[in-house]
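Note on naming: letters A, B, ... go to the chains in the order of the sequence lines (proteins, then strands), and numbering restarts at 1 for each one.
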Protein chains: 2
Amino acid sequence: MTLHEVPTLLHRCGDCPIRHRAVCARCDSEELTTLEQIKYYRSYQAGQTVIWSGDKMDFVASVVTGIATLTQTLEDGRRQMVGLLLPSDFVGRPGRQTVAYDVTATTDLLMCCFRRKPFEDMMQKTPHVGQRLLEMTLDELDAAREWMLLLGRKTAREKIASLLAIIARRDASLKLRDAKGPLTFDLPLTREEMADYLGLTLETVSRQVSALKRDGVIALEGKRHVIVNDFARLLEEAGDDSDGGLPV
Amino acid sequence: MTLHEVPTLLHRCGDCPIRHRAVCARCDSEELTTLEQIKYYRSYQAGQTVIWSGDKMDFVASVVTGIATLTQTLEDGRRQMVGLLLPSDFVGRPGRQTVAYDVTATTDLLMCCFRRKPFEDMMQKTPHVGQRLLEMTLDELDAAREWMLLLGRKTAREKIASLLAIIARRDASLKLRDAKGPLTFDLPLTREEMADYLGLTLETVSRQVSALKRDGVIALEGKRHVIVNDFARLLEEAGDDSDGGLPV
DNA sequence: TTCCCCGCTTGATCTGAATCAAAGCAATAA
DNA sequence: TTATTGCTTTGATTCAGATCAAGCGGGGAA
């Protein structure tokens, strides 16, 4: 079992070199053991819905492999993605039973789950898990607010550049970057999903991706594989050079 | 000192009739007492900035009276409000030292503050304060996500109606509504601030407010006082009949 | 009283992104 | 091999909201 196969997320690794969003094999503590005892796995096929908005969610979970999205929908079908779950990300709401958005697997998905009750009991007993969860939630909130700026005020081109920058950064942080070849990654989303995330239409997404390619900001290999030669340039196109690469 | 003058927010009132977002005079517990000991007050004038994005924030606080906004800004000056703080709302990030947005007083503002360190110590000792804070943060995250749907997918008219509905609801919950006259409230924001919240221009806000008035959805008394005769109609105009009235 | 200022409204015009419509392309099935 | 299907690109046109530009109205200062 490799490092990234058990991303419980909830354990902060004191002095070990692995970033604390993934569990580190070298440091296992009491609450990690407790978590091990109550965890179980669930897998979903690409396109399958994990939970519907309003449903009872009786577990919390983190993504092991695959990608899931959180979306909200208006009656007439207009859709807005409100979150993207990559491996090692957490979903769930200790202290809340229902979710306010649909969770959907966009690729085949494996999640590591904990039933809510024992998880909450464990939180009671080991307070720093709760603290960690609070920090994670605050990070998500920051990310959501950054996204509000994007949705409310950025142009289509800036939106695309921002999304590419975020995916690039998150992907790089999972991949333990190999020195300094050009930064490359696969888009985990279709054009339509990108549109739903950015508050655009798929046609506009396609046009702006083409424009960024034409202008040499990115290169493409096939439709999905992106090559970024100059990350600083991409950030500039994104409209804010803030480090914005917060989780979610 | 009336009920709403000490909105520490962090205390959940077991069986008392007051909603738990404001502190209840009837139930005081140990941690409430601890909070009393470390709290202090700060006041700000309308227009004054409480903290700048990136600054160190060495306290957490809740709003006693007045209104504050959270905003993010792009280099070229485009602004997006990402939160609105009304009396009893909480700001601050236990476990984090810097904030990612500007906090500005839009009216004269009185805040009840707790220095971060003793507050965090207190959180350690009384875990349910941490839990409560996690719940509040999760609620804020839900609200932020609902706002993402608004920013990404709603029309200008729907945005205005949504904002009015949210303000109406929050205002009503602070005012202990007097039976069933028509629902009325004062807009706490200028047209420009509304625009910054909704990702619009002030001209568009003005036009759409006029349109809602023309169509009989709302009535105005002066520029700021709003009368809603048919709240259901307003919600319908807002585009989703979800109960959407989550905090923030 | 007058003036000025600020927040607001309204009108005319422009434009970025949406919409409508066709094709292209690559992978899988037949 | 050809057809089918799902995703993507590109073009033509439209339209909601932005931008540019006046003008209004109420409150405070002189």
Side-chain angles (χ1 to χ4, degrees), chain A residues 45-47 67 69 74 76-80 104 106-108 150-164 186-215 218-226 237 239, chain B residues 45-47 67 69 74 76-80 106-107 150-164 186-215 218-226 237 239:
Chain A
Q45 292 178 301
I67 285 136
T69 60
L74 256 22
D76 62 5
R78 282 174 283 171
R79 288 160 55 82
Q80 176 66 50
T104 312
T106 60
T107 63
D108 288 346
L150 175 145
L151 289 172
R153 295 303 189 192
K154 288 192 180 176
T155 65
R157 172 185 264 243
E158 289 167 339
K159 286 178 175 182
I160 299 288
S162 300
L163 179 59
L164 294 177
D186 283 311
L187 283 175
L189 302 174
T190 65
R191 298 291 184 260
E192 183 168 25
E193 286 160 345
M194 291 173 68
D196 282 344
Y197 206 178
L198 298 170
L200 298 171
T201 59
L202 71 153
E203 293 95 330
T204 299
V205 170
S206 180
R207 274 185 248 273
Q208 295 298 335
V209 169
S210 300
L212 288 175
K213 186 171 117 186
R214 172 171 43 68
D215 299 345
I218 58 170
L220 288 183
E221 221 161 62
K223 308 291 186 191
R224 295 291 195 91
H225 194 72
V226 179
E237 292 283 351
Chain B
Q45 292 178 301
I67 285 137
T69 61
L74 257 21
D76 62 6
R78 281 173 284 172
R79 288 159 54 82
Q80 176 65 50
T106 60
T107 65
L150 176 146
L151 290 171
R153 296 302 190 192
K154 288 191 180 177
T155 64
R157 171 184 266 242
E158 288 167 340
K159 285 178 175 182
I160 299 288
S162 300
L163 180 59
L164 294 178
D186 283 311
L187 281 175
L189 302 174
T190 65
R191 298 290 183 260
E192 183 169 23
E193 286 160 345
M194 290 172 68
D196 282 344
Y197 207 0
L198 298 170
L200 298 170
T201 59
L202 69 149
E203 293 95 332
T204 299
V205 170
S206 180
R207 274 184 248 273
Q208 295 298 335
V209 170
S210 301
L212 288 174
K213 187 171 114 187
R214 173 172 42 71
D215 299 346
I218 57 171
L220 288 182
E221 221 161 63
K223 309 291 187 190
R224 295 292 195 92
H225 194 72
V226 179
E237 291 284 349

Donor-acceptor contacts, no H, no angles, side chain residues 199-210 of chain A, under 3.5 Å, sequence neighbours left out:
from, atom 1, to, atom 2, distance (Å)
Thr201(A), OG1, Thr204(A), N, 3.3
Thr201(A), OG1, Thr204(A), OG1, 3.1
Ser210(A), OG, Ser206(A), O, 3.0

- Message: Please check: side-chain N/O of Glu221(B) versus main-chain N/O of Val226(B), any donor-acceptor pairing under 3.5 Å?
- Response: no
- Measure the shortest side-chain to side-chain distance between Arg224(B) and Thr190(B) over non-hydrogen atoms and say whether it is less than 4.5 angstrom. yes
- Rounded interatomic separation in angstrom, taking CD from Glu221(B) and C1' from dC8(C): 17 Å
Could you go through nucleotides 4-7 of chain C and list every protein N or O atom that sits under 3.5 Å from one of its N or O atoms, giving the distance for each pair?
none

- Query: Where do Leu74(A) and Gly239(B) come nearest, in terms of heavy atoms and distance?
  - Reply: CG-O, 4.0 Å
- Contacts of Arg157(A) meeting salt bridge (charged side-chain N to carboxylate O under 4.0 Å, His left out) (sequence neighbours excluded), chain-then-number -> Asp215(A), Glu237(A)
- Query: So, Asp196(B) and Arg79(B), do they make that salt bridge, N to O below 4.0 Å?
  - Reply: yes
- Is there a side chain to side chain contact (heavy atoms under 4.5 Å, CB included) between Gln80(A) and Leu151(B) once you walk through the steps? CA-CA 9 Å; Gln80(A) 176 66 50; Leu151(B) 290 171; over 6 Å; no
- Opening and closing nucleotides of DNA chain D in contact with chain B, under 4.0 Å to non-hydrogen atoms: dG17(D) to dC20(D)
- Residues which pass salt bridge (charged side-chain N to carboxylate O under 4.0 Å, His left out) with Arg78(A), listed by chain and number, not counting sequence neighbours: Asp76(A), Glu158(B)
- Side-chain donor/acceptor of Lys159(B) to backbone N/O of Leu198(B), under 3.5 Å: yes
- Query: Taking the side chain from Thr107(B) and the backbone from Ala46(B), do they hold a donor-acceptor pair closer than 3.5 Å?
  - Reply: no
- Message: Using a 4.0 Å cut-off on heavy atoms, which residues in residues 198-209 of chain B reach DNA chain C? List them by number, or say none.
- Response: Glu203(B), Ser206(B), Arg207(B)
